[in-house]
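Worksheet for the structure shown next.
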Amino acid sequence: MITLKSEHDLEKMRVANRIVRDVLLLVADNVKVGVSTYHLDKLAREYIEKAGATPSFLNYHGYPASICTSIDDVVVHGIPSKKVYLEEGNIIGIDVGAYIHGFHGDGARTFIVGKTTPEKEKLVQVTKECFFMGIDGLKNGSRLGDIGGRVQAHAESHGYSVVRDLVGHGIGREMHEDPSVPNYGKIGRGIRLHSGMTIAIEPMINMGGYAVTTDQKDGWTVRTRDGSPSAHYENTVLITDEGVEILTL
Ligand code: MF3
Ligand code: CO
């Protein structure tokens, strides 16, 4: 079921998403060679709790941490660990969710640790561009396929591929609400978007093929099948009469 948010709901959505944005900025300042992904998780959890919110991901279907830390060939849902230290040249996707006053916020960025290769740098840049292509011209009455169609066209124009097995989603009182928001598809197709809908748009772009596989041991970590690097960029956005309001920027 797709829920439309009232102005009252949106005030709370803005609070939740502002916390997510601030956590992403805090983590960005702490992404450095030698820092453990556990340390980043701890910083995020402490910030979220101090803000009076709860980490949306912690215990979600048993997920054991407050953020996801997804390095290089890990697409999403990498679990923070005391044993994993950031290394020069890594790219790391950080995904954050916060829940407060009955509503969730969700956002992700991919950061570069120190200096990386031009190839990985470009992947990170193009993935961010994919998000902005996806929301270009989006407003009340647009079609769901406008997002995926634009994201896919941009990614593929650079020789990259769009992950199919994971998608964006509606968000509000639940972290995952309808509709599913694929990063592939056809412009002009799919359901219409309406003012008051809040959706998390989150391109996951692979340098190689689009196939992914989930770690059998931890049940969470999603990697590219071919071992190629992958990047992730996500914002929660509100559809309005005139365009979109990005709640996590
Ligand atoms: N931000 C992720 C999403 O869009 C949520 C992480 S899943 C969790 O689906 F299980 F780790 F919480
Ligand atoms: Co999401």
Side-chain angles (χ1 to χ4, degrees), residues 2-3 5 13 16-24 27 37-38 40-42 44-45 47-49 53-71 74-81 84 92-100 103-111 127-128 130-131 134-135 144 147-148 151 162-184 193 197-205 212-223 230-239 244 246-249:
I2 292 175
T3 60
K5 276 73 181 179
M13 290 283 299
N17 282 287
R18 221 169 293 157
I19 294 169
V20 168
R21 175 201 65 187
D22 290 344
V23 171
L24 288 168
V27 171
T37 51
Y38 171 85
L40 299 177
D41 184 72
K42 186 165 176 283
R45 191 183 65 239
Y47 187 97
I48 291 168
E49 287 171 353
T54 326
S56 301
F57 303 170
L58 188 61
N59 301 320
Y60 177 82
H61 294 281
Y63 186 74
S66 299
I67 64 173
C68 303
T69 50
S70 307
I71 297 174
V74 177
V75 180
V76 286
H77 303 169
I79 302 173
S81 162
V84 176
I92 178 170
I94 308 269
D95 197 337
V96 176
Y99 179 72
I100 187 167
F103 287 87
H104 291 274
D106 190 4
R109 305 281 180 267
T110 297
F111 302 112
T127 301
K128 181 176 178 180
C130 280
F131 168 83
I135 62 164
L144 189 62
I147 301 171
V151 168
V162 171
V163 173
R164 305 292 200 273
D165 291 0
L166 299 140
V167 295
H169 48 92
I171 177 167
R173 289 192 178 277
E174 305 293 331
M175 184 165 63
H176 294 135
E177 297 184 353
D178 289 334
S180 285
V181 182
N183 296 299
Y184 52 91
L193 302 173
M197 284 177 63
T198 45
I199 56 177
I201 301 176
E202 48 177 318
M204 288 154 268
I205 307 298
V212 299
T213 170
T214 303
D215 189 295
Q216 292 297 296
K217 279 204 212 93
D218 68 27
W220 284 103
T221 309
V222 178
R223 293 188 182 81
S230 182
H232 184 205
Y233 186 91
E234 173 181 28
N235 285 304
T236 295
V237 309
L238 164 69
I239 308 295
V244 299
I246 306 174
L247 303 183
T248 37
L249 272 188

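Atoms within a ligand are numbered from 1 in the order they appear, just like the ligands themselves.
No other N/O/S atom of Glu234 lies as close to the Co ion (ligand 2) as OE2 does. Between the Co ion (ligand 2) and the N, O or S atoms of Glu202, the shortest distance is to OE2. Take the N/O/S atoms of Asp106: the one nearest the Co ion (ligand 2) is OD2.
Interface atoms of ligand 1 facing Trp220, defined by a heavy-atom separation under 4.0 Å, are 10 (F). Near Tyr63, meaning under 4.0 Å from any of its heavy atoms, are these atoms of ligand 1: 10 (F), 11 (F). Interface of Glu202 with ligand 1, defined as ligand atoms under 4.0 Å from a residue heavy atom, comprises 3 (C), 4 (O). Applying the 4.0 Å criterion to heavy atoms of His77 picks out, from ligand 1, the atoms 6 (C), 7 (S). Under a 4.0 Å criterion applied to the non-hydrogen atoms of His176, ligand 1 contributes the atoms 3 (C), 4 (O), 9 (O).
Here Glu234 has side-chain heavy atoms under 4.0 Å from ligand 1, and that is the only part of it that gets that close. Residue-level proximity to ligand 1 for Phe57 is carried by backbone and side chain together, each with a heavy atom below 4.0 angstrom.
In terms of polar-atom proximity, Asp106 is counted as a contact of ligand 1, with an N or O under 3.5 Å from an N or O of the ligand.
Under the 4.5 Å side-chain criterion, counting only non-hydrogen atoms from C-beta, Phe57 is not in contact with Pro55.
The Co ion (ligand 2) has an N, O or S atom of His169 closer than 2.8 Å. Not one N/O/S atom of Asp95, from backbone or side chain, sits under 2.8 Å from the Co ion (ligand 2).
With 3.5 Å as the limit, one finds a donor-acceptor pair spanning the side chains of His232 and Glu202. Thr248 and Asn17 are not linked by any side-chain donor-acceptor pair at a separation below 3.5 angstrom, with hydrogens and angles left out of the test.
Heavy atoms of Cys68 come nearer than 4.0 angstrom to ligand 1 in at least one pair.
A salt bridge links Lys5 to Glu177: at least one charged side-chain nitrogen sits closer than 4.0 Å to a carboxylate oxygen.
The heavy atom nearest to atom 1 (N) of ligand 1, out of those in Leu58, Asp95, Val76, is found in Asp95.
Between Val96 and the options Asp22, Ile67, Ile19, a side-chain contact (heavy atoms from CB on, under 4.5 Å) holds for only Ile67.
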